[in-house]
**Q** 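Once you've had a glance at the structure underneath, I'll fire off some questions.
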Amino acid sequence: MEENKKLKNEVATLKNNIEYLDKDSRKRNVIFHGIDELEENPHKLLKLIVPDEIKTFKDFPLSQRTLKALKENNYITPTDIQRQAIGYALQGKDILGAAKTGSGKTLAFLIPILEILFCKKWTRLDGVGAVVISPTRELAYQIYETLRKVGYLHDFSAGLIIGGQNLKFERKRMDQMNILICTPGRLLQHMDENPLFDCSHLQILVLDEADRCLDMGFEATMNAIIENLPPKRQTLLFSATQTKSVKDLARLSLSFPTYVAPHEQATTATPEFLQQNYIVCKIDEKFSILWSFIKNHLKQKSLVFMATCKQVKYTYELFCKLRPGISLLALYGTLHQEKREKIYREFCRKSNVVLFATDLASRGLDFPKVNWVIQYDCPEDVDTYIHRAGRTARGVFGKGDGLLMLLPHEEKIVEDLRKNKIPINQIFVDASKVMIPLRKIESLLSDNGELKKTAQRAFMSYIKSIYLMKNKDIFNVQLLDTDAFSRSLGLIVPPAIKFMYKYNKSATENNVLGIQDTNDAIKKLKAKLSSDERSDGSESEADNEPVVVVAEETKTKKEIPLFDFHNVKVGSDEKHLFKVKEKNVSIDIAVLPNEDDVPTKKNAKPSTKTAVVKKILKSKVKVNTTVKFGEDGEVIGDEKKDVKSDLGKQFVNENAITVDIEKMSELLQEEDKFDKARFRERVKAKHKEQKRKLKNKKKEDEGEKDDFGSQSESDGPDLSWLPDPDKVYGTKDDYQNSETKSVSDYSENDYSNESVTSEKNEEFHRPPKRKIVESEDIPRESINPRKVKKIEDVSASLTVNEAEALAMQLLKSK
Ligand code: ADP
Ligand code: MG
């Protein structure tokens, strides 16, 4: 005992002296030598730290900087987990820390981080010394804030590295950070992409909510992160529901971790002053009970957990419109990061408020003074229940109430909860006090198409979440009265549950086949489902999540009512009804599949163009082709579609019906060369044409000044001054056979323009020059210069004598 006290004082003096290192460099060597000695011989420290003897933080050998900051923040007496874990952590041991929600685990790892780096004389130049990984951005932010509070007197730099932030900004500063608080995805992104990121000197790795970080949702990311970290490091894992999985521990290469679980012998797994209740109600009563609850707790702070983002969105939007008289907020994964931060802070700050949230908010978040936690939808498992409920009654002597809402068949979970030392009581709702303005909701939905869609999505997402749950004893989509559920949301017509159609169909077919053997049924249906999905040509959830169908005859008879989705009868004989059981389904509520994601016969699209082509070729459907005919009925080839390259011609000759993407792309590249050349020619021709038009216009302008006008070639000569040729040369019919063609032919054949043709009848002698010139669509080549020339010849060929004769003839005829 005496020796302990002496050593304690020795360490305290040494640590305090570090504060003056820079001022008195002569002392440095002596002090460092002392600390090094302690580090090399951790047993000395172990003797110093006897958890039961620790009354205040001062009893730990902590630096003055940490102690001062702790005191400033009113952290005087360590909690159980802090008392037990800090000592081992300071000795450099790997720790598995398990303690109830709200018991102060954050400081149990932040204090050791600060102290260990401090003892190691870590400077900014040493790079990343500690990494804390959190499963959500909000939790990472909260840990970062706590670190700032208790570590502000230290010289370490700390960074919050979470998704949705400015990546460039983070990138530049990564090499200067000593302590990183991050989410797994963003950390891995920096590891992969940022050359400045170096964690080869990492001393401590902490996983907060470790079991969540190590579960299937983060498996690949965490494995990649761990691979990038130096194996020689200290690892601390903390959670209220700690993993003891050997596999997880092996993944992290923990060396003889110390299991610290101060509440293992406690009578309850949840906080002492948390009052826990549950109610059993019908699915169509849930919404009105929630509304009534909110209306009855206007002066309280409540957190409502729902199964999916879309439910949260709809409930929030609708309830806002119904104006309950209390602030409403919604927090879910698909929100923009800025909004998420804002909502998180707002809920922390406000006291009379309701927050609707997904399980995103179930882990670790320390919202101050939450009165009620309502689990609107049944939690996935006992652990989820513990974390959700643990958002209230936090800290030392924190109080709160929990309400779990269960459907009759979900009541089985209560057994599991009680088995896991969760004291929960059933309470009953006073039906007379339950009300919701359903008519108003219905009219709101009929007026607001967007809100109606949100309602439909909420409905679908809930059904899907139930369908995807592992525990089919509790979550069974066939036991849901979907029609009543949809009506309770304000949807008069229940949305079609397309994805269930396939399952029901399979079940019906199985009934018809009369398969008795369960294994056979499993195999057959599995194969059927997966082949069905494949024929849609798309990767579906069903592909990833094996569906096992098990016949449960006895249960089905009693408990499962005949259920009808889409008016598709599952089968008249209840004996053959099936229940769906799924294995290895990872459910991330935040990324629940979209309604549109589930492939259906109607909207299923082959995923690639190759798949489309293959499908067409397979079905031997001939693709329609267009054939153009000219004036005389000759077939006009499409220059654009004709293949020009040798490769293309070869391909056409081979008449290949296989789809070789590489070959096709090579062929297209070859053809592309010709296309480009053709395009260049066209552009050239266009420019030429424009120039010529410009020239003509100039000439025309000049001609306008001239009374007789030396008309441009394209306009045709102005022959209006000439006498009526009909009268001179006979009628049109007589004339047609003659060598010299008339203007009417010229307009009729070459322009096929109705107005031009009608003009022909009235003013036979006038060339429709304006129309021709103005018609930009008409290609220049179509104007036949030869014909124009001939007309010019008529006037040009008249000699003076002939002209005289013609004039005489005209006079005579007059
Ligand atoms: P956990 O991670 O175990 O759920 P937190 O670390 O979030 O718990 O702490 C829960 C609350 O308890 C926080 O508000 C925190 O400020 C408070 N707290 C933690 N340690 C102490 C302490 N030693 N004394 C007083 N309050 C504490
Ligand atoms: Mg925590």
Side-chain angles (χ1 to χ4, degrees), residues 85 89 94-98 105-114 116-117 127-148 151 156 158-165 167 170 174 177-194 197-231 233-243 245 247-254 257 333 337 359-360 362-366 387 588 590:
D94 286 350
I95 288 179
L96 275 176
K105 296 184 282 293
T106 317
L107 285 183
F109 60 76
L110 284 183
I111 293 174
I113 287 178
L114 290 169
I116 289 166
L117 293 184
V128 180
V131 167
V132 180
I133 299 178
S134 137
T136 64
R137 296 172 189 179
E138 283 74 13
L139 181 56
Y141 175 79
Q142 188 184 289
I143 298 168
Y144 179 75
E145 286 296 301
T146 312
L147 176 67
R148 275 181 24 163
F156 310 127
L160 177 66
I161 308 297
I162 55 175
Q165 305 283 27
L167 192 68
E170 285 174 5
M174 285 296 271
M177 309 279 194
N178 299 135
I179 304 168
L180 293 181
I181 316 293
C182 37
T183 46
R186 189 56 151 226
L187 176 63
L188 186 62
Q189 196 177 359
H190 278 288
M191 283 177 164
D192 285 346
E193 297 170 11
N194 188 353
F197 184 70
D198 172 28
C199 52
S200 53
H201 303 296
L202 183 84
Q203 303 294 310
I204 313 157
L205 168 70
V206 178
L207 305 191
D208 193 15
E209 304 297 334
D211 54 331
R212 175 77 185 104
C213 290
L214 293 168
D215 81 10
M216 272 169 59
F218 290 112
E219 193 175 10
T221 315
M222 283 308 296
N223 285 348
I225 290 172
I226 294 161
E227 248 175 49
N228 278 310
L229 299 175
R233 56 157 202 267
Q234 188 180 353
T235 308
L236 314 177
L237 309 187
F238 282 90
S239 180
T241 49
Q242 187 56 274
T243 178
S245 142
K247 199 178 130 215
D248 284 343
L249 306 184
R251 272 164 77 197
L252 286 160
S253 44
L254 296 189
Q337 178 57 23
D359 279 325
L360 171 94
S362 69
R363 288 261 185 176
L365 297 185
D366 185 46
H387 288 283
D588 190 345

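Numbering starts at 1 and runs along the sequence shown.
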**Q** Using modelled atom types only, decide if a donor and an acceptor are shared between the side chain of Arg186 and the backbone of Gln165 within a distance under 3.5 Å.
**A**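 Confirmed, Arg186 side chain pairs with Gln165 backbone.
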
**Q** How about Met174 and Ile161: do any of their side-chain heavy atoms sit closer than 4.5 Å?
**A**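 Met174 vs Ile161: side chains touch.
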
**Q** Taking Thr183 for the side chain and Gly185 for the main chain, is one N or O donor matched with an acceptor at less than 3.5 Å?
**A** no

**Q** Using side-chain contact (heavy atoms from CB on, under 4.5 Å), reason through Glu145 and Ile181 one step at a time and then give a plain yes or no.
**A** CA-CA 10 Å; Glu145 286 296 301; Ile181 316 293; over 6 Å; no

**Q** Can you confirm whether Arg212 sits close enough to Asp359 that some side-chain heavy atom of one is under 4.5 Å from a side-chain heavy atom of the other?
**A** no

**Q** For Arg148, I'd like to know if atom CZ has over 12 heavy atoms of other residues, nucleotides or ligands within 6.0 Å.
**A** no

**Q** Taking all non-hydrogen atoms of both residues into account, name the closest pair between His387 and Ala240 and its distance.
**A**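 Minimum heavy-atom contact is CE1-CB, 3.9 Å.
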
**Q** Going through the distances and angles, do Phe238 and Ile95 end up as a side-chain contact (heavy atoms from CB on, under 4.5 Å)?
**A** CA-CA 8 Å; Phe238 282 90; Ile95 288 179; 4.3 Å; yes

**Q** I'd like to know if the side chain of Thr243 reaches the main chain of Asp211, judged simply by a donor and an acceptor atom lying under 3.5 Å from each other, with no hydrogens or angles considered.
**A**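 Here the side-chain-to-backbone pair does not exist.
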
**Q** For the pair Gln142 (side chain) and Gly364 (backbone), establish whether a donor and an acceptor sit closer than 3.5 Å, ignoring hydrogens and angles.
**A** yes

**Q** Any heavy-atom pair between the side chains of Leu187 and Met222 that's under 4.5 Å?
**A**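 With C-beta onward as the side chain, the pair stays apart.
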
**Q** State, with a plain yes or no, whether a side-chain heavy atom of Pro230 is found less than 4.5 Å away from one of Ser200.
**A**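 No. Closest side-chain heavy atoms not under 4.5 Å.
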
**Q** Between Asn178 (side chain only) and Gly127 (backbone N and O only), is there a donor and an acceptor less than 3.5 Å apart?
**A**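 A pair under 3.5 Å: yes.
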
**Q** What is the minimum heavy-atom distance between Leu160 and Glu170, and which atoms define it?
**A** O-OE2, 3.9 Å

**Q** So do Pro257 and Thr235 actually touch side chain to side chain, heavy atoms under 4.5 Å?
**A**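 SC-SC contact between Thr235 and Pro257 ruled out.
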
**Q** Answer yes or no: is there a side-chain heavy-atom contact under 4.5 Å between Leu252 and Leu214?
**A**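 The answer is yes; the side chains approach within 4.5 Å.
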
**Q** Taking Gln242 for the side chain and Leu96 for the main chain, is one N or O donor matched with an acceptor at less than 3.5 Å?
**A**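 The answer is no, because no donor-acceptor pair under 3.5 Å joins these two groups.
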
**Q** With heavy-atom distances below 4.5 Å as the criterion, would you say the side chains of Arg251 and Ser245 are in contact?
**A** no

**Q** In this structure, which one of Asp248, Val206, Leu254 forms a side-chain contact (heavy atoms from CB on, under 4.5 Å) with Leu237?
**A**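 So, applying the side-chain contact (heavy atoms from CB on, under 4.5 Å) to Leu237 and each of Asp248, Val206, Leu254, only Leu254 qualifies.
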
**Q** Minimum heavy-atom separation for Ile143 and Leu110, please, with both atom names.
**A** O-CD1, 3.8 Å

**Q** For a side-chain contact (heavy atoms from CB on, under 4.5 Å) check, start with the C-alpha distance between Asp94 and Leu249, then their side-chain angles and the critical distance, and finish with the verdict.
**A** CA-CA 11 Å; Asp94 286 350; Leu249 306 184; over 6 Å; no

**Q** Could you check whether any side-chain heavy atom of Arg363 comes within less than 4.5 Å of a side-chain heavy atom of Ser134, counting everything from C-beta outward?
**A** no

